[in-house]
Asks: 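This is the structure, below, for whatever I ask next.
Just the heavy atoms: all of them, side chains too, but no hydrogens, waters or symmetry mates, feed the values below.
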Amino acid sequence: MASSHLLLLTLLCGLFVYCCHGACAEVDSDTEAVAGKGFKLGCISCKRRSEVDGAATVEWYFRPKGEADFMRIYTYNEDGPTIEHDHFMDRVDWNGSKRSNDIQDASIYLLNVTFNDSGTYSCFFNRILFYENYEYNTVVSKVVRLTVVAKASRGTASIVSEVMMYVSIIGLQVWLLIEMIYCYRKIAAAGEEALREAANAEYLAIASESKDNCAGVQVGE
């Protein structure tokens, strides 16, 4: 019994470490780009249940400053990226999740930023979650309001965002470390319990055998 409990605990801890290995943290994008430079438009949407398999496609839309309508500028799916608007042709690179259809980071990198790139960007995750008996479809959207300037002037929001990103990452790693230590301690305790039970069983077996031998000797006399 103790051995089966030990095996189950080991499997659960292994599953926990596997699920938490690629910890995801949602961090807001920077919002100020410098003309003539490159700029990362951040867009992260973490799954609430990392153990559930999923797949997602991504769409980016842009509304220029002073305009009323959005235009689709970029899509990413199982077939790869597609630039959808001439204004961004050869100026957008995928900077998100790689080697997986289960996209949680849909960030893109904008090359050679111009003042005409100022405006509102929206990214949409069209996500499917695969449960045992059904599939669940959900849409998540994020908004980035981009301002293009001639010279970099790092604002308070950018600094706070970067600090929060590192705090989130460190916090997740510390939490994972604590959980791993807890699991390993439980495994060690279960192993010691199994050894004690085995020793007790062996002792009882020896004692029973000795008792039977003594009874045999007395009968012989």
Asks: To the nearest 0.5 Å, what is the distance between CD (E78) and OG (S100)?
Replies: 12.0 Å
Asks: Can you establish whether the number of heavy atoms outside D28 located under 6.0 Å from its atom CG is more than 12?
Replies: no
Asks: Any non-hydrogen side-chain atom of E84 less than 4.5 Å from a side-chain atom of M71?
Replies: no
Asks: Under 3.5 Å, side chain of W60 to main-chain N/O of A106, donor-acceptor pair present?
Replies: yes
Asks: Do the side chain of S97 and the main chain of I103 share a donor and acceptor less than 3.5 angstrom apart?
Replies: no
Asks: Counting C-beta onward and ignoring hydrogens, is there a side-chain heavy-atom pair between V92 and Y109 closer than 4.5 Å?
Replies: no
Asks: In the structure I gave you, are the side-chain heavy atoms of T120 and R145 within less than 4.5 Å of one another anywhere?
Replies: yes
Asks: Would you say that V144 contacts S29 through its side chain, given a criterion of any heavy-atom pair below 4.5 Å between the two side chains?
Replies: yes
Asks: How far does CD of E59 sit from OH of Y76, to the nearest 0.5 angstrom?
Replies: 14.5 Å
Asks: Before you tell me yes or no, could you show the steps for F124 and Y61 under ring pair (Phe, Tyr, Trp, His ring centres under 6.0 Å), namely the whole-Å CA-CA distance, both residues' side-chain angles and the distance that decides it to 0.1 Å?
Replies: CA-CA 8 Å; F124 290 84; Y61 291 82; 5.6 Å; yes
Asks: Check whether any side-chain heavy atom of K47 lies under 4.5 Å from a side-chain heavy atom of L129, and answer yes or no.
Replies: yes
Asks: Report, as yes or no, whether the 6.0 Å neighbourhood of atom CG on D79 holds more than 12 heavy atoms from other residues, nucleotides or ligands.
Replies: yes
Asks: Say you draw a straight line from CG of L176 to CD1 of I181; how long is it, rounded to the nearest 0.5 Å?
Replies: 10.0 Å
Asks: Using only heavy-atom distances, determine whether the side chains of S107 and D105 contain a donor-acceptor pair under 3.5 Å.
Replies: yes
Asks: Could you give the distance from OG (S122) to CZ (R72), rounded to the nearest 0.5 Å?
Replies: 14.0 Å
Asks: Compare every heavy atom of N112 with every heavy atom of D117, then report the nearest pair and how far apart it is.
Replies: OD2-O, 4.4 Å
Asks: Is the Lys NZ or Arg CZ of R127 less than 6.0 Å from the centre of F125's six-membered ring, within 45° of the axis?
Replies: yes
Asks: Is there a donor-acceptor contact under 3.5 Å linking the side chains of S45 and Q104?
Replies: no
Asks: For the residue pair K40 and D30, establish whether any side-chain heavy-atom pair is separated by less than 4.5 Å.
Replies: no
Asks: Measuring only between side-chain heavy atoms, which start at C-beta, is V34 closer than 4.5 Å to K151?
Replies: no
Asks: Side chains of I108 and N95, heavy atoms from C-beta outward: is any pair under 4.5 Å?
Replies: no
Asks: Strictly under 6.0 Å, is that where the ring centroids of Y136 and F130 end up?
Replies: no
Asks: Are more than 12 heavy atoms, taken from residues, nucleotides or ligands other than N137, located less than 6.0 Å from that residue's CG atom?
Replies: yes
Asks: Taking atom CZ of R91 and atom CD1 of I73, what is their separation to the nearest 0.5 Å?
Replies: 9.0 Å
